[in-house]
Protein chains: 2
Amino acid sequence: MHPENDPRYKGLTVNKGIAQPPSVNPYLVRVKRKRTLTSGEYVEGILKGDISILGQAVTLVESTLPEHYALSQEVIEKCLPYASRSSRIGITGVPGAGKSTFIEALGMHLVNKGSKLAVLAIDPSSERSKGSILGDKTRMEELSVSDKAFIRPSPSAGSLGGVARKTRETVVLCEAAGFDKIIIETVGVGQSETAVHSMVDFFLLIQLAGTGDELQGIKRGIMEMADGIIINKAEGANLEKAKLAQCQFQNALHLFPAHESGWVPKVLTCSAFHKIGIEEVWQMIEEYIAFTRKNGYFNVKRKLQAKYWMYETIDEALRNHFYKNPEIEAQLSDMEIKISNDELSSFIAASKLLDSYFKK
Amino acid sequence: MHPENDPRYKGLTVNKGIAQPPSVNPYLVRVKRKRTLTSGEYVEGILKGDISILGQAVTLVESTLPEHYALSQEVIEKCLPYASRSSRIGITGVPGAGKSTFIEALGMHLVNKGSKLAVLAIDPSSERSKGSILGDKTRMEELSVSDKAFIRPSPSAGSLGGVARKTRETVVLCEAAGFDKIIIETVGVGQSETAVHSMVDFFLLIQLAGTGDELQGIKRGIMEMADGIIINKAEGANLEKAKLAQCQFQNALHLFPAHESGWVPKVLTCSAFHKIGIEEVWQMIEEYIAFTRKNGYFNVKRKLQAKYWMYETIDEALRNHFYKNPEIEAQLSDMEIKISNDELSSFIAASKLLDSYFKK
């Protein structure tokens, strides 16, 4: 349900754009019933760094109403020339790895050094759970009340493509509003890491030290995507295991090809809870950015990403149009059954469906 | 140029379907100017295990002529009920890892135990080089003259999807002809490993021991796809390094999640040249097949693969139709330039192109 229509939100106080009713999900943003601004008014407010207007513009982008879509695209077009002036960091890791605690520690470090930080999330499951397991503000207590930080839970959109688009557009708005550091968090659901990796400059994987026996459970392809790996909870009795895991990961990284960037991924340890090793992590990220700006890869990558999103969006739309076609819907499961039973070749089945579709 | 029209092939002798003119690529198959058989005649010959007719049927599948396409699809439909009675093994590794030597060793082992073996290849670069670096018969001397083996170079098709389709259909024909073991070889070009992995039961990665310093160069995602990893050239002075590499890979595999099959991938060493360790490799593959047949995953995987190829074929056709549309072709590079320069959002660019396309 859209927050504007949600009766639980009538008359709530708004604190930095985050509503705090005790009995409901604290992550849903309350939107006051104010008139919708014009695109010019949104842009003006954003460029001035007005957090409240930025929040409303992001809500506009996340809206599913058709009239909001057209307006949001106008706002984004006008903000585009002012975007791109930031460093974008993606963070992934299994639940329990300590992402929120880490983002709090790194975030406060950046804010104390004078940055303005936006923390976003991509969580495709948020549609179903009506809230996200990411952006856990109870673990980002300091950051969530800092006026130099803007924290937003994952949008819901019904598909990863939709969630990714809204997040990518929110990045544009945040950058236009003067946020020079953007963190995008994700958890290992479906292809969400690929989506985040395709919209950030530096991709960070947060791992825990294992006991040595069990499988670490890193999803296919994630380790090769990472520009840096952090072994978290390197503290106390766990310190030795963390150092061992650091070696294991460094050895494993040797098995993969060189990154296109020319950068050699590093494996560091840290304790996010005790704020140990955070400075070193940030130094690694700064080193990466300096390195890739110098060799030109920084901008090459951003251009590749921009094209990637155009092609991804086209692909998704073509597939949706095909699979939502009533004739295709009617034939599809029958085709699946026949090919599963070797009654029909996959390629002939595809041909028949394509013939139905293109004849229309 | 289609072999039938190639003037270099007039009057050549045919030896097991492989033409051997000294001055040209020995991998191109010569097709005698015989009349095209009816689909019934092809099928009858195939089911009898007639290698010559099988070879002609495969050439038909590989043909780019439209009239051959319809006929080939008839042949495949009729062969389908007789297919699926084999074990399919995919083999990948960097050039120089020893794939051909290994296939010769494993192949002769299987043939000597009474199997009929087909060796196919997926090499998307074969279109450009007019021949494949795979299926190197000079390294498969014994196998290439065995009457229990059928070796075929990669088809050319202008796209990976086309090559994959023709190979998958060739598998059907070989199985109907009584070949109970199918090996499909590939080299790390583009997404060819994903294609092979999606049409085999067991996926084998052949690696070399490194010096320890340089990166092994395993492409993203390959290690996690492998059901087994072989460290080749474990011989003489290299034996110790091979054992070390075996450990490194076993440790690295621990970092990944469990396979859906429930199977724990194994890392073995061998010397294909000296035919050491080949029996153990085959035992591992047989163990895998017994394991997955018992827990049902063997057939589950084949059904998933059948559906995968239907969806992949549909996707490719939808993309081709879109990108070959003249209006899209006219606008595409301009859109790319604009989004690269941040003049236009990727999503708006996609919308504009999709609007052009769907209005037609």
Side-chain angles (χ1 to χ4, degrees), chain A residues 73 76-77 80-81 83-84 165 168-169 172 210 212-221 223-225 248-249 251-252 254-258 303 305-315 317-319 321-322 335-336 339-351 353-354 357-358, chain B residues 73 76-77 80-81 83-84 165 168-169 172 210 212-221 223-225 248-249 251-258 303 305-315 317-319 321-322 335-336 339-351 353-354 358:
Chain A
Q73 297 307 297
I76 287 159
E77 282 212 77
L80 256 183
S84 306
R165 174 179 70 76
R168 183 65 191 84
E169 292 177 338
V172 170
D213 289 340
E214 87 282 11
L215 299 174
Q216 288 275 4
I218 305 172
K219 265 175 63 184
R220 178 184 298 185
M223 196 157 51
E224 298 104 303
M225 264 195 239
Q248 287 174 328
F249 278 90
N251 291 339
H254 254 286
L255 299 173
F256 297 116
K303 291 186 198 304
Q305 290 175 332
K307 285 190 269 191
Y308 171 88
W309 284 111
M310 179 177 74
Y311 288 113
E312 272 300 297
T313 308
I314 288 169
D315 266 9
L318 294 177
R319 281 196 300 268
H321 193 265
F322 180 88
M335 289 294 183
E336 281 201 350
I339 59 180
S340 291
N341 296 338
D342 281 325
E343 289 167 32
L344 193 60
S345 111
S346 309
F347 307 100
I348 291 171
S351 286
L353 291 172
L354 290 162
Y357 177 73
F358 283 120
Chain B
Q73 298 305 298
I76 287 159
E77 282 213 75
L80 256 183
S84 307
R165 175 179 68 77
R168 183 63 190 85
E169 292 177 337
V172 171
D213 289 342
E214 87 282 10
L215 298 174
Q216 287 277 0
I218 306 172
K219 264 175 65 185
R220 177 182 299 184
M223 194 156 52
E224 299 104 303
M225 265 194 237
Q248 288 175 326
F249 277 90
N251 291 340
L253 285 177
H254 254 288
L255 298 173
F256 298 115
K303 292 186 196 306
Q305 289 175 331
K307 285 190 270 190
Y308 171 87
W309 284 111
M310 179 178 73
Y311 288 114
E312 272 300 297
T313 307
I314 288 168
D315 265 10
L318 293 177
R319 281 196 301 268
H321 193 265
F322 180 87
M335 288 294 183
E336 281 201 349
I339 58 180
S340 289
N341 296 336
D342 280 325
E343 289 168 30
L344 193 60
S345 110
S346 310
F347 308 100
I348 291 172
S351 284
L353 292 173
L354 289 161
F358 283 121

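By convention in this document, chain letters (A, B, ...) are assigned in the order of the sequence lines, proteins followed by strands, and residues within each chain are numbered from 1.
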Student: Sort A/Leu354 into side chain, backbone, both or neither according to what part of it lies under 4.5 angstrom from a heavy atom of chain B.
Tutor: side chain
Student: List in chain and number order the residues that pass side chain to side chain donor-acceptor pair (under 3.5 Å) with A/Asp342, two or more places apart in sequence or in another chain; answer none if no residue qualifies.
Tutor: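 Per chain and number, A/Asp342 pairs via side chain to side chain donor-acceptor pair (under 3.5 Å) with B/Ser84.
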Student: With a 4.5 Å cut-off on heavy-atom pairs, point out which of A/Thr313, A/Ile339, A/Ile76 contacts chain B the most.
Tutor: A/Ile339
Student: Counting C-beta onward and ignoring hydrogens, is there a side-chain heavy-atom pair between A/His321 and B/Leu318 closer than 4.5 Å?
Tutor: no
Student: Considering only heavy atoms and a distance below 4.5 Å, find which of A/Arg165, A/Gln73, A/Arg168 pairs most often with chain B.
Tutor: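 With the most close heavy-atom pairs to chain B, the winner is A/Arg165.
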Student: With only heavy atoms counted, which part of A/Leu353 is less than 4.5 Å from chain B, the side chain, the backbone, both or neither?
Tutor: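 The answer is the side chain of A/Leu353.
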Student: Can you give each donor-acceptor pair under 3.5 Å made by side-chain atoms of residues 305-312 of chain A, sequence neighbours left out, with the distance rounded to 0.1 Å?
Tutor:
{"residue": "A/Gln305", "atom": "NE2", "partner": "A/His197", "partner atom": "O", "Å": "3.2"}
{"residue": "A/Gln305", "atom": "NE2", "partner": "A/Val200", "partner atom": "O", "Å": "2.8"}
{"residue": "A/Trp309", "atom": "NE1", "partner": "A/Ser198", "partner atom": "O", "Å": "3.0"}
{"residue": "A/Tyr311", "atom": "OH", "partner": "B/Glu336", "partner atom": "OE2", "Å": "2.4"}

Student: Mind checking whether B/Glu343 and A/Leu80 have side chains closer than 4.5 Å, heavy atoms only?
Tutor: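 No. Closest side-chain heavy atoms not under 4.5 Å.
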